[in-house]
Amino acid sequence: MKNTKEINPRDGHTESPWQSVVSSVSDAAYASTGTGIFDVIIVGAGITGLTTALLLQKAGKKCLVLEAGKVGFGTTGGTSAHLNTFYDATYPEIESDFGKQAAKQVADSGKEAMAIIDALVKEYGIDCDLEYKDGYLFSENEKETVQLREILEASKRAGIAVAEVENNDVPVPFKLAIRFAHQGQFHPLKYINGLLKAFQQLGGTVIENCFVSAHKELDNGVELVAGEHTFQAGHLIYATHLPPGITAFSFRCAPYRSYVLGLRLKDKAENYPTGLAYDMQEPYHYFRTHVVNGEPLLIVGGEDHKTGHDDPEQAFVNLEKYAHQYYQVESVVYRWSSQYYVPVDGLPYIGRLGASKGNIYIATGFNGNGMMFGTISGKIISDQILGVENLYGDLYAPARLKPVAGFCEFVKENADVAWHFVADRFGTEDMDKLSELKNGEGKIAEFKGQKLAVYKDQKGKVTALSPVCTHAGCFVNFNTAEQSWDCPCHGGRFDTSGKVICGPPQADLLRVDI
Ligand code: FES
């Protein structure tokens with residue numbers, strides 16, 4: 001049974017199992033903070049923002065976290081919460097594009113992220129279902145087997161504990177399986193609420209429902225505007241995926257949606273996976289078990305696609321069909337999706353923004369490894385602000401020049417953005433009557449000579465919006481599963497009333513009176 005009590009809101013209509021943990025930020029923070037001057041302002045209260053905030057506050061900095069929704073509103077509230085020392089960018093790919101030394105550094109940064117989570121959990125007594133498990137990666141055909149052998153060898157060279165094994169922990173037939181030792185999983189909202197509590201106890205301030213609409217660089221700091229409030233700080237960190245506005249990162253990171261199911265099985269408890277298992281299909285799938293409200297759930301995820309491109313409902317259908325192939329599914333208890341960003345050269349962008357005067361930082365392009373890269377971002381950025389040398393600063397520097405590795409992808413992604421900018425304007429269908437729209441459905445249509453994003457709610461009330469994304473002018477698409485308007489160009493998302501729920505857009509979709 002789903003939890004029927006209050007749930008933490010998320011940037012989508014579906015519910016993840018983590019949302020039963022509600023953040024404990026009081027609205028009074030807004031009033032008591034007023035117009036403040038801080039050492040550091042962090043925008044975004046997910047794992048990246050709160051890890052960074054806690055490490056800086058602990059080091060004596062006066063920090064303010066501003067969150068547009070509630071704590072965990074974004075991807076942290078919808079992650080599948082895997083802790084891995086191997087990534088969507090594989091070690092052979094990292095070796096080939098950045099070199100063997102870089103692959104080792106990426107491996108080390110993953111181990112350090114794991115150690116940071118472990119240390120924070122112990123230091124602050126965070127009860128977040130943290131468990132360490134083996135991770136299995138397996139091939140199902142000859143081509144995948146060749147790739148998997150390369151992954152095995154390159155992972156070993158990078159210093160990762162991995163070995164060929166005889167099983168893959170799930171009932172999926174396989175050709176070759178390898179096992180990564182000391183991987184993990186946790187409850188992401190329990191974890192970040194633990195970080196939040198520790199941050200507040202150290203004197204840190206968090207303001208929720210506070211949308212940052214603009215910033216201005218000062219000679220030795222930054223001024224931020226959020227509604228009627230203005231804040232100043234020596235340093236500003238955007239822990240929001242993409243920084244707002246049109247920046248180089250709008251073109252270096254491509255937005256993807258990922259899908260997850262929480263399934264109750266007819267099988268006995270011992271048939272649930274004991275570890276974390278991943279196939280190598282395109283799009284890929286993964287399995288793990290999490291005990292939610294006292295019962296084990298099989299977490300199955302995957303079917304990822306570029307935001308605003310494929311049909312989200314179909315992705316859920318495919319995922320459920322996939323799960324049924326291998327497990328006796330009794331019921332779907334949860335189904336949810338969330339967003340992540342794929343960096344053009346495979347590695348995330350973490351640190352000082354090259355285009356700024358040196359006081360603005362970003363952390364983005366985490367691929368599907370947000371818990372790990374979000375955590376290491378906290379360490380890298382806090383070290384940079386504190387003037388401490390960090391081993392990974394150069395590797396992940398947002399200003400790095402890496403034209404070769406991702407160049408083809410870079411061209412492809414930008415061509416894709418341009419295609420949407422032009423083609424979507426011609427692709428709309430005519431709608432004669434609003435009655436053509438079903439309840440709960442949204443559509444881009446030409447209505448009485450005007451292109452509109454029209455949505456009809458469950459009671460039949462119609463909302464009409466301009467379909468033009470306020471970021472860079474692409475046309476949004478309706479996401480039926482999450483009841484949102486998603487932009488196919490840079491992943492901006494809006495709720496059915498047109499309100500921004502996911503950057504980089506800074507303004508809502510325009511309401512149109514019909
Ligand atoms: Fe960039 Fe919509 S998010 S155009």
Side-chain angles (χ1 to χ4, degrees), residues 11-12 43-44 46 68-69 73-75 78 211-215 238-258 304-310 312 337-344 349 353 355 362-367 398 409-428 442-444 451-455 463-480 482-512:
D11 62 357
V43 183
F73 180 79
T75 300
F211 186 82
V212 173
S213 53
H215 75 249
Y238 278 114
T240 53
H241 290 305
L242 296 183
I246 300 174
T247 68
F249 300 95
S250 309
F251 303 97
R252 285 195 207 159
C253 296
Y256 277 74
R257 302 292 305 168
S258 189
D304 304 10
H305 65 76
K306 225 182 144 193
T307 301
H309 281 229
D310 298 319
S337 70
S338 68
Q339 188 147 305
Y340 64 90
Y341 287 80
V342 176
V344 70
Y349 301 100
L353 199 55
I362 61 159
T364 187
F366 293 167
N367 232 317
E409 284 302 314
F410 182 86
V411 171
K412 211 166 76 194
E413 296 297 354
N414 279 295
D416 184 61
V417 168
W419 186 89
H420 278 289
F421 189 82
V422 178
D424 288 354
R425 283 166 165 69
F426 293 102
T428 52
K443 216 177 220 176
I444 303 291
K451 289 195 192 325
L452 295 173
V454 244
Y455 169 72
T463 306
L465 304 163
S466 161
V468 181
C469 176
T470 55
H471 178 231
C474 293
F475 268 27
V476 292
N477 282 322
F478 194 64
N479 177 339
T480 316
E482 296 294 3
Q483 298 278 290
S484 60
W485 293 102
D486 296 356
C487 181
C489 288
H490 314 108
R493 298 179 60 237
F494 306 84
D495 70 13
T496 52
S497 72
K499 187 170 177 284
V500 177
I501 52 171
C502 179
Q506 287 168 291
D508 300 343
L509 293 177
L510 279 180
R511 292 287 280 247
V512 179

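What you see is a predicted model; the values in this text were computed from it and never measured. Atoms within each ligand, like the ligands themselves, are counted from 1 in listed order.
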Using only the SG atoms, decide whether Cys469 and Cys474 are less than 2.5 Å apart. no
Which label fits His471 and His490: parallel for a plane angle under 30°, tilted from 30 to 60°, or perpendicular past 60°? perpendicular
side-chain hydrogen bond (donor to acceptor under 3.5 Å, both in side chains) partners for Ser258, two or more places apart: Asp304
Would you call the rings of Tyr256 and Tyr340 parallel, tilted or perpendicular, taking 30° and 60° as the class edges? parallel
State, to 0.1 Å, how close Thr496 and Leu465 come at their nearest heavy-atom pair, and which atoms those are. O-CD1, 3.8 Å
In the protein, N/O/S atoms that are found under 2.8 Å from atom 1 (Fe) of ligand 1, waters not counted: His471 ND1, His490 ND1
Kindly determine whether Leu353 and Phe249 satisfy side-chain contact (heavy atoms from CB on, under 4.5 Å), including the steps that lead there. CA-CA 10 Å; Leu353 199 55; Phe249 300 95; 3.3 Å; yes
